[in-house]
Amino acid sequence: MSAGEWIAAAAVAVFLLLVILVARPLFKLGRTLDEATIAIRKAHENSDPLFDGANTTLTHVNTQLERVDGITANAQAVSGNVSALTSVFTATLGGPLVKVAAVSYGLSKAIKARRKRKEEREGKHARRGIRRGRK
């Protein structure tokens, strides 16, 4: 064998070693890509029920929000009605009730003052009678 043949044989051996060293990571990369493909396929298959459940939940939430909107509208209407009723009550009965309360307060004060004066007069007469020896 000549020197050129030895160099060629060495080059073939180095090339074969290089192919073996590069083939192993490529083979592992191929298996990793296969596993990733399987995982993606399983995730896709399992996502359909998840999305169906999410859609059902959103439908229920929207239904409840519509009910809450109705309740809010009714509460607003009741609040407006109470406000209007309060205004009507104040306008129709508020003034006369205040006047009646004022008159009753005035009468009460006048009666108390009259009683007080009457008791004072009777007390003075009773004291005079006691001084003179009368009962």
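Here, residue 1 is the first one in the sequence, and each next residue gets the next number. All heavy atoms count here, side chains included; hydrogens, waters and symmetry mates do not. All values derive from a computational prediction rather than experimental measurement.
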Gap between atom CG of Asn62 and atom CG of Asp69 - 0.5 Å precision
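Separation between the atoms: 10.5 Å.
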Out of curiosity, Leu21 CG to Leu17 CG, how far, rounded to the nearest 0.5 Å?
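Output value for this atom pair is 4.5 Å.
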Only distances under 3.5 Å count here; give the side-chain donor-acceptor pairs of residues 96-108 to other protein atoms, sequence neighbours excluded, each with its distance to 0.1 Å.
| unit_1 | atom_1 | unit_2 | atom_2 | d |
| --- | --- | --- | --- | --- |
| Ser104 | OG | Val100 | O | 3.2 |
| Ser104 | OG | Ala101 | O | 2.9 |

Go through the structure and list residues passing side chain to side chain contact (heavy atoms under 4.5 Å, CB included) with [X], not counting sequence neighbours.
X      : result
Glu5   : Met1, Ser2
Arg115 : Ile111
Arg31  : Phe27, Lys28
Arg114 : Arg117

Remaining members of the apolar cluster that contains [X], side-chain heavy atoms under 4.5 Å:
X     : result
Val68 : none
Ile40 : none
Leu18 : Val22, Leu26
Leu65 : Val61

What donor-acceptor contacts under 3.5 angstrom involve side-chain atoms of residues 47-60, with partners at least two apart or in another chain?
| unit_1 | atom_1 | unit_2 | atom_2 | d |
| --- | --- | --- | --- | --- |
| Ser47 | OG | Ala43 | O | 3.4 |
| Ser47 | OG | His44 | O | 2.8 |
| Asn55 | ND2 | Phe51 | O | 3.4 |
| Thr56 | OG1 | Asp52 | O | 2.9 |
| Thr57 | OG1 | Gly53 | O | 2.9 |
| Thr59 | OG1 | Asn55 | O | 2.8 |

